[in-house]
Amino acid sequence: GSALDPQPGFFPFVGGTLLIAMSALLVGQGLWVKRPSGETRGDKLGPPTTLVAGLAVYVGLLPWGGYPLMTALLVLLALRVQDTRWSPAIVAGVLLSLASYFLFLQLGIPLPVGRLFGD
């Protein structure tokens, strides 16, 4: 396509490009901003690194574990990184996972159940 006749992938491409650019700016700002004495870069990089690693594992294990299980574990990880207590994090992970799974089913969008559960 062209700018006057965009094809279906045009807007996701532009949105993704802007998201990458803004993320790079935020990372750059985080790495080069002066820090108060006693604070190191490692203090701030742990939680985002944990979440990125969790997303990579989520994508890799999604076909095996399925959407409900893997999403519940991802939400649990995200909430634990934010220092949420275990019990509310587990409940939120399970409820969010199941609610979104059944919502997608109602919309007619099948999500992987996973080989672990017989998909």
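Computation of the quantities below employed the complete heavy-atom set of this structure, encompassing side-chain atoms and omitting hydrogens, waters and symmetry-equivalent molecules.
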Note to self: I need the L62 CG to M70 CE distance, nearest 0.5 Å.
What the structure shows: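 One gets 7.0 Å once the value is rounded to the nearest 0.5 Å.
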One should read off an interatomic distance between L55 CG and T50 OG1, to the nearest 0.5 angstrom, of 11.0 Å
(message) Running the 4.5 Å side-chain criterion over Ile, Leu, Val, Met, Phe, Trp and Tyr, what cluster does I20 land in, apart from itself?
(response)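 Cluster partners of I20: none, it stands alone.
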So side chain to side chain donor-acceptor pair (under 3.5 Å) across residues 14-26, not counting sequence neighbours, yields none
Please answer: with hydrophobic residues joined when any side-chain heavy atoms are less than 4.5 Å apart, are M22 and F13 in the same cluster?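 Different clusters: M22 never reaches F13 through Ile, Leu, Val, Met, Phe, Trp or Tyr contacts under 4.5 Å.
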Are L111 and V113 grouped together when hydrophobic residues (ILVMFWY) are joined by side-chain heavy atoms under 4.5 angstrom apart?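 Yes; tracing contacts between hydrophobic side chains, which count when under 4.5 Å, links both residues.
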Results of side chain to side chain contact (heavy atoms under 4.5 Å, CB included) for [X] - residues two or more places apart only:
{"X": "L103", "value": "L107"}
{"X": "L105", "value": "Y101, F102"}
{"X": "L95", "value": "V91"}

Quiz item: Taking all non-hydrogen atoms of both residues, which atom of P8 and which atom of P12 are closest, and how far apart?
Solution: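 Scanning both residues completely, I find the closest heavy atoms to be O-CD, 3.5 Å.
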In terms of heavy-atom contacts, P68 and P112 come closest through CD-O, 3.9 Å
Would you be so kind as to tabulate the donor-acceptor pairs closer than 3.5 Å made by side chains of residues 71-87, with sequence neighbours excluded?
unit_1 : atom_1 : unit_2 : atom_2 : d
T71    : OG1    : Y58    : OH     : 2.9
T71    : OG1    : Y67    : O      : 2.8
R80    : NH1    : T84    : O      : 2.5
T84    : OG1    : L79    : O      : 3.0

